[in-house]
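Shown next, in structure tokens, is the structure this report addresses.
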Amino acid sequence: MAQAKSSLRGAPIKITAFSKAVIKWVKKIPRGKVATYGQIARLAGKPGGARGVGWILNSSSEKNDLPWQRVINSQGAISFRPKSAEFQLQKKLLQKEGVEFTTKKSVNLDHYGWKKEPANTRKRNAPKMFD
DNA sequence: AACCTGACGAAGA
DNA sequence: TTCTTCGCCAGGT
């Protein structure tokens, strides 16, 4: 059972088109709003690269210049272990920006989610045609 | 090159 | 609604 070495934190990331795009988009998330990893990945050109986004934010030395706390998962929840220092920090930073938590670890994406484009394509609950 | 971990996500059970 | 499983991508060993 290899104990977590966690020495990768702060390790520099490779400068690729993707990592640069991720950083660029994350910087554009407005204060008081949140985006999801998948959303950033999509904006950065890799629809399936959500995990990569998390890695980039975690290991980017530029993290200090990024509003990394505004990136959460698709469930509207913080993706750190609830007791971790990172979790608490992220929650604190978001609350400081005015983002409210509806549950202990998640926010209402419908209200705080960053919508780059007008939500005119929002899906409505389609009536059941069959049962 | 092969195999493993992880700030993810969607679909099932 | 919570827990699994599987598919993705970035990096490490």
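Keep in mind that this is a model prediction, so the values were computed, not measured. The sequence lines fix the lettering, A, B, ..., with proteins before strands; numbering per chain opens at 1.
The A/Phe80 side chain lies nearest to B/dA7 when the options are B/dA7, C/dC9, B/dG9. Closest to the side chain of A/Trp55, from the set B/dA7, C/dC9, C/dG11, is C/dG11. Among the nucleotides B/dG9, C/dG11, C/dA10, the one closest to any side-chain atom of A/Phe18 is C/dA10. In the set B/dG9, B/dG6, C/dG11, B/dG9 carries the atom at the smallest distance from any side-chain atom of A/Tyr37. Counting only heavy atoms from C-beta on, A/Lys46 has its side chain closest to C/dA10 among C/dG11, B/dG6, C/dA10. Nearest to the side-chain atoms of A/Ser74 among the listed nucleotides B/dG9, C/dA10, B/dA7 stands B/dG9.
At a threshold of 4.0 angstrom between heavy atoms, the contacts of A/Phe87 with the nucleic acid are absent. Residue contacts for A/Thr36: at a heavy-atom cut-off of 4.0 Å it reaches the sugar-phosphate backbone alone, with no base atom in range. Within 4.0 Å of A/Ile56, counting heavy atoms only, lies no atom of the nucleic acid at all.
The distance between atom CD1 of A/Ile13 and atom P of C/dG12, rounded to the nearest whole Å, is 11 Å. For the pair A/Asn73 CG and B/dC8 C1', the interatomic distance rounds to 8 Å; values are reported in whole Å. Regarding A/Asn58, its CG atom lies at a distance of 13 Å from the C1' atom of B/dC8, rounded to whole Å. Rounded to whole Å, atom P of B/dG9 lies 11 Å from atom CD1 of A/Ile40. Between A/Gln39 atom CD and C/dC9 atom C1' there is a gap of 18 Å when expressed in whole angstrom units. Across the protein-nucleic acid pair, A/Leu94 atom CG and B/dA7 atom P stand 17 Å apart, rounded to whole Å. Computed from coordinates, the A/Arg51 CZ to C/dG12 C1' distance equals 14 Å when rounded to whole Å. Going from atom CZ of A/Arg81 over to atom C1' of B/dT5 covers 14 Å, rounded to whole Å.
Under a 4.0 Å N-O distance rule, the pair A/Lys33/A/Glu97 does not qualify as a salt bridge.
A donor-acceptor contact closer than 3.5 angstrom links the side chains of A/Ser79 and A/Asn73.
Here CH2 of A/Trp68 is found 4.0 Å from CG of A/Leu89. Values are rounded to the nearest 0.5 Å.
Note that A/Lys91 lies in the cation-pi zone of A/Phe101, set by a 6.0 Å cut-off to the ring centre and a 45° limit from the axis.
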